[in-house]
Amino acid sequence: MTDPVAELRMVVANAAAQLRGGSQPDAQPPARLERGRRAEQGHYATNAAMLLAPTLGLAPREIAQALGEHVAGALGGDLLAYAVAGPGFLNLELSDDWYRKALRALLDGGERFGAGGADPGERILLEFVSANPTAVLVAASGRHAAYGDALARILRLHGHSVSSEYYFNDAGSQIRRLGESVRARALGDEPPADGYQGAYVADLASEIDGAADPTVPVDVIAAKAVAILLERIKGTLVRYGVHFDTFFSERTLHAGTPSPLQRALARLREAGHVYDHDGAVWLRTTTFGDDKDRVLLRSGGEPTYFAADVAYMENKRERGFERQLLPVGADHHGYLARLKAAFQALGNDPDLLEPLIIQFVHLVEGDARAAMSKRRGEFVTLDELLDEIGVDATRYFMLQSSHERTLDLNLDLARSESSENPVYYIQYAHARLSSVLARVGEERVRSAVAVDAAWSSPAGELHSSERQLLRRLLSLPEEVAEAAERRAPHRMAAYALELAQDLTAFYRDCKVVGAEPPPTEAFRIALCAAAQTQLAVVLGLLGVSAPASM
RNA sequence: GCCCCCGUAGCUCAGUUGGAUAGAGCGGCGGACUUCUAAUCCGUAGGUCACAGGUUCGAAUCCUGUCGGGGGCGCCA
């Protein structure tokens with residue numbers, strides 16, 4: 001019994017197959033098995049009968065009844081009762097024996113319970129944040145960082161091999177502008193109009209030796225500035241708990257003969273997707289659904305940012321990553337059609353390049369929305385945000401809502417209500433469990449967890465809060481699968497909160513230490529241990545700490 | 001003008017491969033601390049799921065349109 005709910009689902013599927021007899025399952029979606037939302041809806045409910053109705057030509061409730069009989073036969077003593085309800089749901093009520101076996105499965109799974117659902121596991125490259133090292137990270141980058149990092153963790157638990165990567169632009173005109181801005185500040189001048197105005201540029205000017213020295217080329221100044229800023233960015237990411245396996249330099253795409261960029265270009269040319277026009281070199285992205293063709297090499301021969309991106313995609317593929325995930329800001333969405341087109345032009349299956357659009361974080365202070373232009377230097381940095389409300393609250397805030405939705409971050413509210421962040425409620429549940437288990441003592445915990453024969457007594461019946469907590473814990477595999485497949489870390493944030501609520505209800509209703517009779521105490525200790533393990537795992541997926549005390 | 005995302009309780013948001021009586025946190029109101037952690041709990045008020053049509057036995061969810069908010073439409077990055 002590695003996944004009790006999956007086994008239950010299998011029993012229902014088999015029963016449905018028997019009812020269906022020879023007729024094909026056709027294109028029906030698989031039947032669902034859900035936790036009952038209300039007490040009278042049983043412990044689990046399935047809509048299988050309603051899905052079978054069209055095929056069998058019978059009333060859903062009639063089918064549900066027959067389905068119930070089959071399921072009852074297969075489950076034996078694990079099933080306490082079943083009932084047909086509503087338009088044709090089959091509600092199942094499971095026995096306490098089933099719940100005890102389920103707890104055994106949870107404990108045996110340990111930190112890996114719910115892991116490995118991906119079939120097959122893929123080699124995935126997840127590139128995110130990738131903010132140019134022309135400034136420090138802004139608060140909004142905190143959303144991308146939290147999203148990508150959590151997604152990487154979730155995909156890994158789900159059974160994929162994920163490499164997280166930060167692509168940084170260390171070549172091209174923005175970098176040159178940074179260098180010119182630093183030089184201007186070093187000379188006591190204003191940066192150029194299209195340069196970087198922030199106060200940090202003046203700091204860079206004083207930090208970099210020779211910034212004012214006319215014999216030192218601007219490119220050298222720029223490179224030094226990039227190196228400093230990149231280190232600051234890395235420092236912020238470490239503080240934020242966001243890990244990158246690799247930092248990838250754009251410059252390397254232009255290096256060597258032939259450079260990766262030249263090779264990608266040659267490949268596209270061979271495939272017949274490239275042409276010359278107006279002195280520039282174009283990629284015929286319209287072949288693959290883009291609005292218009294795109295320039296790869298400008299009429300001066302200089303490659304566009306797009307050309308570098310194309311070479312970068314090719315490089316990812318050459319490194320053996322079959323799937324490329326690319327969370328980007330909503331302001332980039334117009335860029336994605338051409339990326340996808342280029343990916344196809346390189347001979348790839350377009351479905352293997354997955355751009356994920358992350359909507360904006362609107363910073364609000366008072367009534368006005370804070371403008372965030374890096375060039376003008378008017379922005380709230382991620383470090384400032386972390387100073388204000390802390391890593392855990394920031395990460396949870398950034399992850400609690402869908403990335404498809406714009407997020408309003410009211411700084412005044414964040415400051416004043418930081419302690420109201422749901423993350424503390426979740427962490428508190430974890431701390432409580434730790435406290436209970438500490439009170440019980442390691443030795444007692446070990447024995448309670450090890451010997452499930454000692455969990456049941458003739459008189460003991462589980463409390464409904466215990467059952468509900470177990471159902472929540474048992475749903476982790478499907479929650480992880482859902483979060484991974486939908487690229488939706490916020491599902492785990494919601495799950496963590498629900499788990500904490502069930503834990504709090506359990507804590508309220510079921511005394512653990514000294515519970516009578518002894519088998520009840522043993523069972524509850526084991527349940528606490530399983531819950532603590534899982535809550536720590538889930539918090540870990542979000543990149544939030546799981547404190548032993550608060 | 002064209003394209004993308006969003007519109008759910010006072011606020012911030014879950015819930016979209018169509019299912020049962022739409023949920024949570026915060027805020028409001030009324031209660032509970034000699035207790036395994038009160039950063040908690042209990043009770044209560046609060047909804048035309050933006051609007052209008054359509055498909056369906058069944059729609060917050062799918063389709064069409066309208067309104068509102070955000071973003072994008074460079075040989076910039």
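Source: prediction; values computed, not measured. Letters go in sequence order (proteins before strands), and every chain restarts at 1. The figures here come from the full heavy-atom set of this structure, side chains too, leaving out hydrogens, waters and symmetry mates.
Closest to the side chain of A:Q501, from the set B:rC36, B:rG25, B:rG70, is B:rG25. Set against B:rC6, B:rU40, B:rA39, the side chain of A:T504 has B:rU40 as its closest nucleotide. Here the nucleotide nearest the side chain of A:S435, chosen from B:rC6, B:rC36, B:rG71, is B:rC36. Each of B:rA39, B:rG72, B:rC75 was ranked by its minimum atom distance to the side chain of A:D331; first place goes to B:rG72. Closest approach to the A:A330 side chain among B:rC75, B:rU37, B:rG71 is made by B:rG71 (side chain taken as heavy atoms from C-beta onward). The listed nucleotides are B:rA77, B:rA14, B:rU37; the one nearest the side chain of A:A494 is B:rA14. The side chain of A:Y507 has B:rC36 as its nearest neighbour among B:rC5, B:rA39, B:rC36. Of the candidates B:rU37, B:rG25, B:rC76, B:rU37 carries the atom nearest the A:V436 side chain, counting heavy atoms from C-beta on.
Side-chain contact check for A:L326 versus A:L339: some heavy-atom pair is nearer than 4.5 Å. The closest side-chain heavy-atom distance from A:L542 to A:Y396 is below 4.5 Å. Side-chain contact between A:Q468 and A:R471 is present, with heavy atoms from C-beta onward closer than 4.5 Å. Side chains of A:V182 and A:Y196 form no contact here, defined as non-hydrogen atoms less than 4.5 Å apart. Inter-residue side-chain proximity for A:L336 and A:I357 is flagged as met; some heavy-atom pair is nearer than 4.5 Å.
At a cut-off of 3.5 angstrom, counting only N and O atoms as typed in the model, there is a donor on one side and an acceptor on the other between the side-chain of A:H333 and the base of B:rG71. Residue-to-nucleotide contacts include no donor-acceptor pair under 3.5 Å from the side chain of A:T406 to the base of B:rC6. A donor-acceptor contact under 3.5 Å is not formed by the side chain of A:N47 with the base of B:rA20.
Residue contacts shown for A:R486 include a base, since a base heavy atom lies under 4.0 Å away. Counting any heavy atom pair closer than 4.0 Å across all strands shown, A:N91 reaches a base atom. In this structure, A:L407 reaches the sugar-phosphate backbone alone: every heavy-atom distance under 4.0 Å involves primed, P, OP1 or OP2 atoms, never a base. At the heavy-atom level, A:S549 lies under 4.0 Å from base atoms of the strands shown. At a threshold of 4.0 angstrom between heavy atoms, the contacts of A:A307 with the nucleic acid are absent.
Distance, A:L356 CG to B:rC4 P: 17 Å, rounded to whole Å. For the pair A:I389 CD1 and B:rU12 P, the computed distance is 16 Å after rounding to whole Å. The separation between A:H332 atom NE2 and B:rC73 atom P is 10 Å, rounded to whole Å. Here the C1' atom of nucleotide B:rC57 and the CG atom of A:L58 are 16 Å apart, to the nearest Å. In this entry the distance linking CZ of A:R444 with P of B:rC36 reads 18 Å, nearest Å. Between the C1' atom of B:rC76 and the CD atom of A:E302 lies a distance of 11 Å, rounded to the nearest Å. Between A:E482 atom CD and B:rA14 atom P there is a gap of 14 Å when expressed in whole angstrom units.
Ring pair A:F360/A:H362 is perpendicular by interplanar angle, where above 60° counts as perpendicular and below 30° as parallel. Classified by interplanar angle (parallel below 30°, tilted 30° to 60°, perpendicular above 60°), the ring pair A:Y167/A:Y312 is parallel. Aromatic ring pairs are classed by plane angle as parallel below 30°, tilted from 30° to 60° and perpendicular above 60°; the pair A:F523 and A:W455 is perpendicular.
A residue-by-residue look at A:A431 and A:D291 shows that A:A431 has its nearest nucleotide of RNA chain B further toward the 5' end. Each of A:A280 and A:V513 lies near RNA chain B, and the nucleotide nearest A:V513 is the one positioned closer to the 5' end.
Nucleotides B:rU8 and B:rC62 are separated by 16 Å at their P atoms, to the nearest Å. Spacing between B:rG28 and B:rU12 at atom C1', rounded to whole Å, works out to 16 Å. Look at the P atom in both B:rU17 and B:rC29: the space between them is 39 Å, to the nearest Å. To the nearest whole angstrom, the two P atoms, one in B:rG71 and one in B:rC75, are 23 Å apart. Comparing the C1' positions of B:rC41 and B:rU37 gives a spacing of 13 Å, expressed to the nearest Å. Between B:rG15 and B:rU61, the two C1' atoms lie 9 Å apart (nearest whole Å). Atom P of B:rC73 sits at a distance of 33 Å from the matching atom of B:rC51, rounded to the whole Å. For the P atom pair drawn from B:rA22 and B:rC26, the interatomic distance equals 22 Å after rounding to whole Å.
For A:K316 and A:E165, the salt-bridge test fails: no basic side-chain N is under 4.0 Å from an acidic carboxylate O. Ionic pairing of A:R524 and A:E521 is not present here: no N-O contact between side-chain nitrogen and carboxylate oxygen is shorter than 4.0 angstrom.
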Can you name the atoms? Protein N/O to nucleotides 42-44 of chain B N/O, anything below 3.5 Å, with the distance.
| residue | atom | partner | partner atom | Å |
| --- | --- | --- | --- | --- |
| B:rC42 | OP1 | A:R508 | NH1 | 2.4 |

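Aromatic stacking is not marked for A:Y428 over B:rU40, as the cut-offs of 5.5 Å for the centres and 30° for the planes do not both hold. A distance cut-off of 5.5 Å between ring centres, combined with a plane angle under 30°, leaves A:Y425 outside any stacking arrangement with the base of B:rG25.
Contact check, A:R432 against B:rA39: no side-chain N or O comes under 4.0 Å of OP1 or OP2. Proximity of A:K292 to the phosphate of B:rC73: no side-chain N or O atom is located under 4.0 Å from OP1 or OP2. Side-chain N/O atoms of A:H490 include one lying less than 4.0 angstrom from OP1 or OP2 on B:rG15. Contact check, A:R491 against B:rC13: no side-chain N or O comes under 4.0 Å of OP1 or OP2. Neither OP1 nor OP2 of B:rG70 sits under 4.0 Å from any side-chain N or O of A:R405. Close to B:rC13, at under 4.0 Å from its OP1 or OP2, lies no side-chain N or O of A:S401.
Pair check for B:rU56 finds none; no Watson-Crick or G-U wobble contact set falls under 3.5 Å. Look at B:rA20: it lacks any Watson-Crick or wobble partner with both distances under 3.5 angstrom. When both distances must be under 3.5 Å, the Watson-Crick or G-U wobble mate of B:rU44 is B:rG28. Under the Watson-Crick and G-U wobble criteria, each requiring two contacts below 3.5 Å, nucleotide B:rC2 is paired to B:rG72. Look at B:rG7: its Watson-Crick or wobble partner, with both distances under 3.5 angstrom, is B:rC67.
No side-chain donor from either of A:N169 and A:Y305 sits under 3.5 Å from a side-chain acceptor of the other.
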